[in-house]
Amino acid sequence: MKKLINESDDVVDEMLDGMTAAYPDLRRLPDTQVLVRDDAPVAGKVGVVSGGGSGHEPTHGGYIGDGMLDGAAAGDVFSSPTADEFEALLDATDSGEGVLAVIKNYEGDVMNFETAIEMVEMEGTDVATVVVNDDVAVEDSLYTSGRRGVCGTILVHKAAGAKAAAGADLDEAQRVAQKVVDNTATMGMALTSCVTPEKGEATFDLPDDEIELGIGIHGEPGTERTDVMSADEITEELTEGVLDDLDLDEGQEVVTIVNGMGGTPLMELFVVNRKLQELIGDHGLETWDAWVGDYMTSLDMAGASITVCAVDDELKELLDAPADTPGLTVQ
Amino acid sequence: MKKLINESDDVVDEMLDGMTAAYPDLRRLPDTQVLVRDDAPVAGKVGVVSGGGSGHEPTHGGYIGDGMLDGAAAGDVFSSPTADEFEALLDATDSGEGVLAVIKNYEGDVMNFETAIEMVEMEGTDVATVVVNDDVAVEDSLYTSGRRGVCGTILVHKAAGAKAAAGADLDEAQRVAQKVVDNTATMGMALTSCVTPEKGEATFDLPDDEIELGIGIHGEPGTERTDVMSADEITEELTEGVLDDLDLDEGQEVVTIVNGMGGTPLMELFVVNRKLQELIGDHGLETWDAWVGDYMTSLDMAGASITVCAVDDELKELLDAPADTPGLTVQ
Amino acid sequence: MSGDGAVVVAAVEAVADRIQAERDHLTDLDSAIGDADHGGNMARGWAEAAEAVADLADPDAQTAVKTAGKTVLSEVGGAAGPLYGGSLVFASQELEGGVTPETAVAFAETYLEKVQDRGDASVGAGTMVDALTPAVHTFKKSIETDELPPLEALTKAVAAAEAGVQFTVPIRASKGRASYLGWRSVGHQDPGATSTLYIMEELLAVAAGH
Amino acid sequence: MSGDGAVVVAAVEAVADRIQAERDHLTDLDSAIGDADHGGNMARGWAEAAEAVADLADPDAQTAVKTAGKTVLSEVGGAAGPLYGGSLVFASQELEGGVTPETAVAFAETYLEKVQDRGDASVGAGTMVDALTPAVHTFKKSIETDELPPLEALTKAVAAAEAGVQFTVPIRASKGRASYLGWRSVGHQDPGATSTLYIMEELLAVAAGH
Ligand SMILES: Nc1ncnc2c1ncn2[C@@H]1O[C@H](COP(=O)(O)OP(=O)(O)O)[C@@H](O)[C@H]1O
Ligand SMILES: Nc1ncnc2c1ncn2[C@@H]1O[C@H](COP(=O)(O)OP(=O)(O)O)[C@@H](O)[C@H]1O
Ligand SMILES: [Mg+2]
Ligand SMILES: [Mg+2]
Ligand SMILES: [Mg+2]
Ligand SMILES: [Mg+2]
């Protein structure tokens, strides 16, 4: 499998340099894989940060900027950043008002972030956390370590970032972040496996006539393998899974996301969005805003996920507030 | 090859419906594949329009909005819109101030647009045209129908759209569009062929250990086939090709674009951008702005193109002016 | 239906059938040097054109030709739409007074002019112009100078078009998508020249049968 | 270098070598139920840890353990970094007074506690906890109740860890990436339990040699 890379060991390092070369408002902390706003810590503002394995671009560094994140730590491909990287991130983004850490629910991310938080709290930094777990494909039961955090994370960044930008304190920023988490569900599918730079071949085998439903964003196998289906059928599977989980009242307003996994062209995502909006209408729901694009990818995997987030007036105001980042601009 | 589609004949139609479902500011003209701003024609403003085959998303419809395009016609995949679609587009976007048609230099696009222009001119619509031909991979000689129009087109939309939004007349809008064309060059490469929905298999064969330099955006074979190279080597080939063509003076400010062809993840584009900026510096040029993303794609092709545009104060002001479109937001 | 109009309707139908039969061959020619859609483009355009002219109530020749051209123009897109369809529409004006040897020559000349004008291609660019030009020249000379009967003139024109098609093989294309291939276009037969020949062959067959 | 510190340095080196030798095996175990990086994670972390402790000038046991842990924590990331590295750092405080049978038990208990705490996993979740728990229990009972010599206690603990590794095979994982597989995780040996056993085997071998 061919990729536009040099050595696979250098890919994250070179990507980060390529990002700061593109976006002068981003700064890389020396000797780390951490990116922060150039003006971090922003005086008087609660910091909002995130991080996790690389390979999900524009997540996470691409959401750094006014109205969203103050910084993000990049791990190696699909691998959590280490605790000391998270520590450097928290240190660099605390202006004294404390930092909200948005964590996707993977044990590596959670444990390394927690280790880092213990360390910075000893130095007097206040940290609040929110753990995103929007992936409904994973049943939440005694048997699992909880649902995974996937594309809904972007909405958490947006809402919490807007709240912090508006001058909220740490508790308030945490409250709205949690509100998004409580009202968001996602489900994804793959047409093909992703290929990591290191391995150079498919992480899982998926024959030409099969697809995988309920996949994660790290090449984990999905929950169900089925024969190839049409875009409409796939959209129905994902949407019904998501709406079942949310169990919304008629007339509820929602934000929808059709998210590409990296290797699927925008054309196909719009085909999915067409059916998604039809289904939203059939369920008596109202789309307040529809996002279509690559927000939370899995390297070059072909496939898509669907996210639905139920919004009230507060969330609408926060999601509509200005944001100026490489991966998302709202004006 | 698996795709998120229903019937291949319906893909453009369903994509367009999926776009209007996502973006309420877009309106589809009845019984056409033409999208326009919902408020088109904008009173007192010169219209700026474009169009061409589908499969290049977000091009073209994704650039409709304040500060960029008033409308765009979508042909079938990789196939020019018909003359009567262009005619409907021109009709719907002329407020009486005339319309600037931004045409990529493909004979189908040029001839259908011209046929349409002859028709609307008979009804009293003023049309000015600019033909974008930024692809340096095609040598401009007696033997070719001129260079192809590729990713540089986005900068033309941006500059001309900003000029028209600022109240310029048709001649002025055309002048700045042409200025961008005269100062822009692009070169692309493919790691893999694209797969059209209709054919369902690779348009050209590219073995696992070879890449194609100088490709177009329709699965046309490139100008040179070589062994796989590193990202740095590829970036050097493309950048040198582009800079050779532009032949800029030391100290010249430029906008650069690393454009993904659809199947290449953002991570790899940043790896390319890192090397590109190094080379720009080596040539004594100054990057005023660096864009990295999927702007002009070729379905699911893996690969990238590099665009360089030399900018003066006028172009900087126009490229920096606000734009609010699905595919590009500047604030 | 007037005699001329009926011939046009029959010819358009014959062209539609022929192109459908040659669809894969035309696509193969286009995939070697272009984007592999010429068979599909032509088949779709002419099938719709045949339906459109069949729906006309007793059309004269001009109306039938114009309808066919408009349909091709709005169905096909690409290079072929304006070249085949737009040129038919434009050239149809020459048939206002009906079809005579003189108006047929005028029609052929105007059609060629419009193709050259729209496509900015001269002879030797490896396009349909290479089939059309010798055909139109031969037809004109046969009618105007040699005063041959129309059917004989048309037969000679078809042979000339055939030579034109063969001529596209050994030269380097400088128009159309094939031009992007540079020297690699040498040795390939142009799809548009080929379909132009088929169209003329069907026209001849229908004319001979009436 | 004090005796205890030297044992720790030698043990860390032995672990690094062993893990390197088992790297592919650990990765294979992780690719069946996880993300195929456990071999790489461990190999990188322990190789760096071995270098780091080798660079220490005459360290006591606590310093050597803490240094090894810190290095693993900052090299590895993922679940393994905090679990293996963070827990070593934390448990190293129990060795402040040097290594005795009593402090060794305290160290083992604290290490297990920290792993359980950080990972929120109890026995039967199909993780390294399944190897650690019986080992720590056996070690504590052997020392405190049965008053066995330390080497004998450690030998029994290793056997207990081995049983724990086997125990991970037939149960459904409920922690770690393997938990996403649901029932498909049944029948697979946990990579972290396996590497934990290797670490203990090397500790025993080094302790026996000194
Ligand atoms: N500029 C031109 N002038 C004359 N004929 C042209 C020109 N460009 C293309 N053609 C003709 O059109 C044919 C290709 O038609 P088609 O494949 O249907 O359209 P497209 O090139 O848009 O895919 C070519 O084989 C050639 O004969
Ligand atoms: N929550 C947990 N509690 C205890 N051990 C765990 C937990 N999560 C993972 N592990 C252990 O870590 C091992 C996986 O380590 P590794 O593959 O290096 O990290 P990652 O899962 O982040 O890729 C598992 O085999 C398991 O033994
Ligand atoms: Mg991992
Ligand atoms: Mg075509
Ligand atoms: Mg073609
Ligand atoms: Mg793992």
Side-chain angles (χ1 to χ4, degrees), chain A residues 1-7 10-12 14-19 21-23 54-55 57-58 62 77 191-192 208-209 211 228 230-232 234 258 262-278 287 290-292 294 297 299-300 302-304 322 324 326 329-331, chain B residues 1-7 11-12 14-19 21-23 54-55 57-58 62 77 191-192 208-209 211 228 230-232 234-235 258 262-278 287 290-292 294 297 299-300 302-304 322 324 326 329-331:
Chain A
M1 186 64 189
K2 293 169 281 183
K3 287 181 177 292
L4 274 169
I5 61 171
N6 298 301
E7 297 303 316
D10 299 335
V11 69
V12 173
E14 294 184 353
M15 168 187 80
L16 293 170
D17 283 347
M19 290 180 74
Y23 310 117
S54 293
E57 292 68 29
V77 172
L191 294 169
T192 65
D208 255 9
D209 53 355
I211 62 175
V228 165
S230 72
D232 282 0
I234 290 169
V258 177
T264 283
L266 203 44
M267 166 182 270
E268 299 175 30
L269 302 184
F270 283 118
V271 169
V272 170
N273 186 56
R274 175 190 138 277
K275 182 68 181 176
L276 167 61
Q277 299 309 330
E278 200 179 297
T287 296
W291 299 17
V292 180
D294 284 8
T297 59
L299 292 171
D300 53 359
D324 188 10
T329 326
V330 179
Q331 59 189 14
Chain B
M1 185 67 188
K2 291 169 281 183
K3 288 184 177 288
L4 275 169
I5 61 172
N6 298 302
E7 296 303 316
V11 68
V12 173
E14 294 183 353
M15 168 186 82
L16 293 170
D17 283 347
M19 290 180 73
Y23 310 117
S54 293
E57 292 68 31
V77 172
L191 294 169
T192 65
D208 255 9
D209 54 354
I211 62 175
V228 165
S230 72
D232 282 0
I234 289 169
T235 305
V258 177
T264 283
L266 203 44
M267 166 181 269
E268 298 175 31
L269 301 184
F270 283 119
V271 168
V272 170
N273 186 55
R274 175 190 137 277
K275 183 67 183 176
L276 167 62
Q277 299 308 329
E278 201 179 297
T287 296
W291 298 17
V292 180
D294 284 8
T297 59
L299 291 171
D300 53 359
D324 188 10
T329 325
V330 179
Q331 58 190 13

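A note on names: the letters A, B, ... follow the listed sequences, proteins ahead of strands, and every chain is numbered from 1.
The CD1 atom of A/I234 sits 9.5 Å away from the NZ atom of B/K2 when rounded to the nearest 0.5 Å. Rounded to the nearest 0.5 angstrom, A/E268 CD and B/D300 CG are separated by 7.0 Å. To the nearest 0.5 Å, atoms OG1 (A/T329) and CG (B/D324) are separated by 9.5 Å. Interatomic distance, CE of A/M19 versus CE of B/M267, reported as 10.0 Å (0.5 Å rounding).
For a residue to count as touching a neighbouring chain, one of its non-hydrogen atoms must lie under 4.5 Å from one of that chain's; by this rule B/V271 touches chain A with backbone and side chain alike. B/Q331 touches chain A through backbone and side chain together, each having a heavy atom under 4.5 Å away. For B/A302, no part lies near chain A; criterion is any non-hydrogen pair under 4.5 Å. Contacts between B/T287 and chain A at a heavy-atom distance below 4.5 Å are absent for every atom of the residue. With a 4.5 angstrom heavy-atom cutoff, A/V11 touches chain B via backbone and side-chain atoms both. Of the two parts of B/V330, only the backbone, made up of N, CA, C and O, holds a non-hydrogen atom closer than 4.5 Å to a non-hydrogen atom of chain A. Interface residue B/I5: backbone and side-chain heavy atoms are both found under 4.5 Å from chain A. If you measure heavy-atom distances from A/V292 to chain B, the contacts under 4.5 Å come from both the backbone and the side chain.
Closest approach of B/Q277 to A/A21, counting heavy atoms only: CG-CB, 3.6 Å.
Of the listed residues B/G263, B/G55, B/G62, the one with more heavy-atom pairs under 4.5 angstrom with chain A than any other is B/G263. Ranked by heavy-atom pairs shorter than 4.5 Å toward chain A, the options B/T264, B/V12, B/D232 are led by B/D232. Interface remark: of the candidates A/V228, A/L16, A/N273, A/N273 forms the most heavy-atom pairs closer than 4.5 Å to chain B. Considering only heavy-atom pairs separated by less than 4.5 Å from chain B, the leading option among A/P58, A/A22, A/P326 is A/A22.
Side-chain contact check for B/L266 versus A/T297: every heavy-atom pair is 4.5 Å or farther apart.
Under a 3.5 Å cut-off, the side chain of A/N6 and the backbone N or O of B/A231 do form a donor-acceptor pair.
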